[in-house]
Amino acid sequence: MSITAGSAELLRDRAAAVLHDNDAGSWTKAAPRLYPHQWSWDSAFIAIGWAHLDVGRAIAELENLFAAQWQTGMVPHIVFRAGPGEPYFPGPEWWDCPSAPAAPAHPIQTTGICQPPVHALAVLRIWQLTPPARQPEIRARIQALWPRLVSWHRYLATQRDPEGSGLVTVYHPWEGTDNSPRWDRSLARIKLVKPRPYTRLDTRQVRDKSQRPTDWDYDRYLWLVSLLRKYRYDDAEIYRRYPFLIKDVFFSAVLAAANAALLDLADVAGASDADRSQLTGWRDRGYQGLAGCFDADSGLCHDYDVRAGEEIRLRTFAGFAPLFAQTPDAGQRAIQLPLLDSADFCGDPQFRWRLLPSTSPAEPAFQPRNYWRGPIWPVVDWLLWRSLQLLGCFDRAEELRRDSLGQIAADGDFAEYFEPYTGKPLGSARQSWTAAVALDWLAAEAAGGAAAV
Ligand code: 9WN
C-alpha cells in the first residue's frame, strides 16, 4: 500500500505531535506512561525524528544522553529523569549505581547496562539533514560529542569483547530485545534466589499480559540485576563470575554499522588518524566476528552463549546480522536476501505486511502478540531499510519503507510493536521511536523514496 500525499502530511503532523507531547525539554520520554524516562537506543532513533523538525533539538537529545555516560565509556540503557508522579519499575534503587566506581556523579541516576549503539547512525543522519546555515553550529556540537562517541564504541570493542572476537557480549536481556527466545535456554540455566517481593507496573499499563514478558522472565531479569549490583558493574569481575554472557550478533552488527557511520563523519568531526584507524579496525573485526558465526546451512548468524559454550540456534531477526552490519561479504548477502523474503520471515503468505518479524513464524517459540517473540518492531525494520539502501537493494528497501508506513498509518497511533498477521497495534501507543522512524520514512517519501543514508 502506498499512502496518498494528503495522508502522508497528516501522518507527519501526528508523528511530530507525538515527539512534542513526549518532549521533556532536552530529552524525550520513550513513551508517555509505560516508559517515562530516557532510554539509550530510543533516544538515538528519536534524535533522527527530531532532525526532521529541528536539528538543534535532535543533537541536544544525544548531548543529554551522553552527559550520563559512565567513566568506562558505557552509555547507560536508562537515564532516570521522570518525576515522582511517573513511576517505572524497576527504578534506580534496584540498580544502586552510585555504588559503582565508574557511574556518573550525583544527581545523575542511571541503570548499569547498555543498549545497541544506534547513536552514530543518528549523528550522521542529523548532519545529513543540517541546512547550510546551521552547519557551523552543528559541526561544532558534533566535534564536542565525538570523543564521547569514540569512547562508547571503545568500551564495546574492548570491555564487552575481551576476547577480541569482533562480537559484543551482552549481560542482560534488557540490553535491547528483552524476552526474545534467543535468551530462553541461557536464562533457564541460571540458578537464582527469588528476588524480594516486587510489583510490576508494565502490566498495569499494558493490560493484556500476553503482550509482555512473564513473571518467570522478570524474576530472572531482577536476579541478574542483583548480581551486577553485587559486582559493582565492574566488567572484569562480571566476566569472571557472572552467569549470563552472550555474544549478541544483532548488537555486534549495529556496532559494525555504527563504526562505519563514525568513519563517514570523521571529516566533519576533524577526527585524528588514530581514531580513524581504530574505528576501521573495530568495524572490520565486527565483520569478521559475524562471518565466524554465520551458518551457511540455515543462512543465519547465531548468537553464542559464552558460559555454556554453545551456539544459540534460533530463527529470529537477529540472524540477519550480516545485513544489519551491511556486510561486504557478497556470498552472505546472496544467501540472506532470498531468505529474508522466504515464508520463514517477511514472506509468510499470511502476514499483512511484508516486514521482518522479531521471531520467525516457523520457530516453535513464535508468539505473534508477545513482545520480542514474534511482533514486528518498526525500528528494527528501519535499521534493515537503511542497510538495504546502503547495500544497493533499492527496490526492496522501498517496499519495506512503504509497507512500514502502511502499517503505521493503518494504526495511526504509533504503536510500540505490531501483530504480523493482522497488523494489530500492541504494547504502548504514542511510542516516540515509532513516530521518529515514521518521520524519517515520510521525508524519504517526499524525496521519492530514497533517503540520504
Ligand atoms: C526495558 C523503551 C524500551 C526499549 C527496549 C524494549 C523495552 C524496557 C521494558 O522498552 O524495554 O528496558 O520495560 O520492557 O524492549 O528495547 O528500549 O522503549
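Counting starts at 1 for both ligands and their atoms, in listed order. Keep in mind that the numbers below use all heavy atoms, side chains included, and drop hydrogens, waters and symmetry copies. Keep in mind it's a predicted model, so treat the numbers as computed, not measured.
Relative to the six-membered ring of W50, R57 meets both conditions, a distance below 6.0 Å and an angle of at most 45° to the axis.
Test W183, Y218, F244 against W174 for ring pair (Phe, Tyr, Trp, His ring centres under 6.0 Å) and you get one pass: Y218.
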What are the polar N/O contacts of ligand 1 with the protein below 3.5 Å, with distances?
residue: ligand 1; atom: 10 (O); partner: Y35; partner atom: OH; Å: 3.4
residue: ligand 1; atom: 11 (O); partner: D178; partner atom: OD2; Å: 3.0
residue: ligand 1; atom: 11 (O); partner: Y371; partner atom: OH; Å: 3.4
residue: ligand 1; atom: 12 (O); partner: W39; partner atom: NE1; Å: 3.0
residue: ligand 1; atom: 12 (O); partner: H77; partner atom: NE2; Å: 2.9
residue: ligand 1; atom: 13 (O); partner: Y88; partner atom: OH; Å: 2.6
residue: ligand 1; atom: 14 (O); partner: D178; partner atom: OD2; Å: 3.1
residue: ligand 1; atom: 14 (O); partner: R212; partner atom: NH2; Å: 2.9
residue: ligand 1; atom: 14 (O); partner: Y371; partner atom: OH; Å: 2.4
residue: ligand 1; atom: 15 (O); partner: D178; partner atom: OD1; Å: 2.6
residue: ligand 1; atom: 15 (O); partner: D178; partner atom: OD2; Å: 3.4
residue: ligand 1; atom: 15 (O); partner: Y371; partner atom: OH; Å: 3.4
residue: ligand 1; atom: 15 (O); partner: W372; partner atom: NE1; Å: 3.0
residue: ligand 1; atom: 16 (O); partner: W41; partner atom: NE1; Å: 3.1
residue: ligand 1; atom: 16 (O); partner: G176; partner atom: O; Å: 2.7
residue: ligand 1; atom: 17 (O); partner: W41; partner atom: NE1; Å: 3.1
residue: ligand 1; atom: 17 (O); partner: D42; partner atom: OD1; Å: 2.6
residue: ligand 1; atom: 17 (O); partner: Q115; partner atom: NE2; Å: 3.0
residue: ligand 1; atom: 18 (O); partner: D42; partner atom: OD2; Å: 2.6
residue: ligand 1; atom: 18 (O); partner: Q431; partner atom: NE2; Å: 3.0

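Between the side chain of T169 and the backbone N or O of I246, no donor-acceptor pair lies under 3.5 Å.
By the side chain to side chain donor-acceptor pair (under 3.5 Å) test, Q109 is found to be paired with no residue, residues two or more places apart in sequence or in another chain being considered. Considering only residues two or more places apart in sequence or on other chains, K209 meets the side chain to side chain contact (heavy atoms under 4.5 Å, CB included) condition with T203, D215. Scored by the side chain to side chain contact (heavy atoms under 4.5 Å, CB included) test, A100 finds W70, A103, Y233 as partners (sequence neighbours excluded).
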